[in-house]
Undergrad: 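Following this message is one structure expressed as structure tokens.
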Amino acid sequence: MGFVKGLKCRECGREYAVDPIYVCEFCFGPLEVVYDYDGIRDVLTREEILSRPQNLWRYKELMPIDGEPTSGLNSGFTPLVKADKLGGYLGLKELYVKDDTVTHPTLSFKDRVVAVALSKAREFGFDTVACASTGNLAHSVSAHGAAGGFKRFIFIPASLERSKIVASLAYEPNLIAVDGNYDEVNRLCSEVANKYPWAFVNINIRPFYAEGSKTQGYEIVEQLGWRAPDAVVVPCASGSLMTKIWKSLKEMKQIGLIGEVQTKVFSAQATGCSPIVRAIKEGVDVIKPVKPDTVAKSLAIGNPADGFYATQVIKESGGFGADVSDSEIIEAIKLLARTEGIFAETAGGVTLASAMKLIESGHIAKDAVTVLSITGNGLKTKEAVMGHTAEPYHIDPNLKSFEEALKKINAA
Ligand SMILES: *Cc1c(COP(=O)(O)O)cnc(C)c1O
Ligand SMILES: [Zn+2]
């Protein structure tokens with residue numbers, strides 16, 4: 001019943017059948033899922049989409065599965081919040097927050113990719129799922145894998161935020177904390193994936209996994225009333241989300257759901273790990289790997305797998321990039337919280353702080369319909385803001401004590 005035609009090398013165009021593979025045997029280019037868009041165009045109309053339940057599977061024809069989905073049946077379709085207060089503060093006419101801080105069930109956009117990866121892993125017949133993670137993927141594979149009855153091997157850098165480690169452990173996966181950074185964890189996992197018959201969601205089944213990110217783009221367009229935004233600001237780790245948001249917009253045009261796409265795509269990174277933004281700023285195509293050093297651990301990939309393709313998307317769309325310091329990240333987290341009531345994790349701080357720089361520099365016009373991709377919940381990285389907020393007013397349990405505090409509050 002699916003509309004997947006096969007896999008295709010992004011570099012040399014060589015085609016492959018649908019299998020748990022991810023690189024071209026001939027040129028080592030990454031493989032990408034190809035669809036029968038003419039077939040999808042006939043089925044996936046606006047009316048059909050609107051008649052379906054509000055989860056990411058309302059776009060299932062554009063997902064790389066053959067049968068019905070079996071994971072993440074309640075994931076996706078997060079709110080697109082019209083952020084008038086924040087927009088006013090930034091001087092933007094029409095600003096929106098795509099709020100994946102509330103994605104079911106693990107409060108980050110990784111539930112989108114994992115929903116798709118595990119549905120596909122089941123179709124392939126795997127009984128064990130695994131991943132190399134900067135934190136949110138660990139949490140999400142632990143959760144969806146538990147619900148799906150998979151054995152789970154989760155590899156993380158040992159230095160991850162304690163909140164994210166505990167959040168993953170609650171689901172009782174096999175959690176492997178590696179003394180090394182993400183890029184080292186990822187290298188190790190490539191070796192493990194060669195030896196063990198497991199579905200490594202972001203390695204051997206990465207072409208399928210990555211497609212899940214497209215659902216964020218579809219939803220933004222639908223929630224804007226079937227129009228693509230003028231600007232979208234996307235936090236980049238491997239660069240995959242950014243390339244897939246772009247793919248989603250082009251697909252929607254191709255199957256006739258929207259007209260011309262004039263969206264500029266902007267990359268947001270932490271200065272302590274900004275290989276994609278640096279390439280864009282320097283105007284080069286080659287991504288120079290870096291050693292990450294940033295409070296935004298979920299984005300701390302020094303050698304981004306899709307970095308080159310992310311720079312191509314930025315160029316093709318006419319976007320740009322910005323990078324921000326740890327203190328700018330923390331300030332932006334608090335700004336989003338106090339203006340829109342949304343508490344984002346560090347990646348969200350990166351996105352907003354980067355957007356502010358891009359507005360300042362004129363790369364994002366004041367009248368551009370702008371969407372910020374806010375990808376994870378602040379409760380997952382509480383450590384980052386600890387010590388950077390005010391303290392509570394401490395009182396005794398009586399009215400007098402409260403009113404003394406109130407005097408201080410009113411005087412402040
Ligand atoms: C994984 C992640 C991203 C982006 O990941 P890509 O590898 O670039 O697709 C963004 N935000 C958060 C919170 C993440 O966990
Ligand atoms: Zn190839």
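Whatever order the structure lists ligands and atoms in, that order sets their numbers, starting from 1.
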Undergrad: May I ask you to identify the nearest protein heavy atom to atom 5 (O) of ligand 1, giving residue, atom name and distance to one decimal place in Å?
TA: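 The closest one turns out to be Ala237 CB, 3.6 Å.
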Undergrad: Just to confirm my output: which protein heavy-atom neighbour is closest to atom 1 (C) of ligand 1, and how far is it?
TA: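 That would be Lys110 NZ, 1.3 Å.
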Undergrad: State whether the number of non-hydrogen atoms from other residues, nucleotides or ligands found under 6.0 Å of Lys264 atom NZ is greater than 12.
TA: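 Open.
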Undergrad: Under the side chain to side chain contact (heavy atoms under 4.5 Å, CB included) rule, what do Ser108 and Lys380 come out as? Steps first, then yes or no, please.
TA: CA-CA 9 Å; Ser108 91; Lys380 306 183 84 170; 3.8 Å; yes
Undergrad: How close does the nearest protein non-hydrogen atom get to atom 3 (C) of ligand 1, and which residue and atom is it?
TA: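 Checking every protein heavy atom, the shortest distance to atom 3 (C) of ligand 1 gives Phe109 CE2, 3.4 Å.
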Undergrad: Measuring from atom 9 (O) of ligand 1, which candidate in Thr346, Leu241, Leu137 has the nearest non-hydrogen atom?
TA: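 Result: the heavy atom closest to atom 9 (O) of ligand 1 is in Leu241.
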Undergrad: Check each heavy atom of Thr134 against ligand 1 and say whether those closer than 4.0 Å belong to the side chain, the backbone, both or neither.
TA: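 Neither part.
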Undergrad: Would you mind telling me if ligand 1 is within reach of the side chain of Glu345, the backbone, both or neither, using heavy atoms under 4.0 Å?
TA: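 Side chain only.
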Undergrad: Contact between Gly239 and ligand 1, counting heavy atoms under 4.0 Å?
TA: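 It does, in that a heavy atom of Gly239 comes within the 4.0 Å cut-off of ligand 1.
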Undergrad: Could you find the nearest protein heavy atom to atom 12 (C) of ligand 1 and give me its residue, atom name and distance?
TA: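 Heavy-atom neighbour on the protein nearest atom 12 (C) of ligand 1: Thr375 OG1, 3.3 Å.
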Undergrad: Kindly compute the distance separating CD1 (Ile154) from CD1 (Ile176), expressed to the nearest 0.5 Å.
TA: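 Taking CD1 in Ile154 and CD1 in Ile176, the distance rounds to 9.0 Å.
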Undergrad: Angle at the Zn ion (ligand 2) between SG of Cys12 and SG of Cys24, to 10°?
TA: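 Between SG of Cys12 and SG of Cys24, the angle at the Zn ion (ligand 2) is about 110°.
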Undergrad: Would you say the side-chain atoms of Gln216 and Ser373 include a donor-acceptor pair closer than 3.5 Å?
TA: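 On atom types as modelled, these side chains qualify, holding a pair under 3.5 Å.
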Undergrad: Do Lys98 and Thr78 have a side chain donor and acceptor closer than 3.5 Å?
TA: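 Yes, Thr78 and Lys98 have a side-chain donor paired with an acceptor closer than 3.5 Å.
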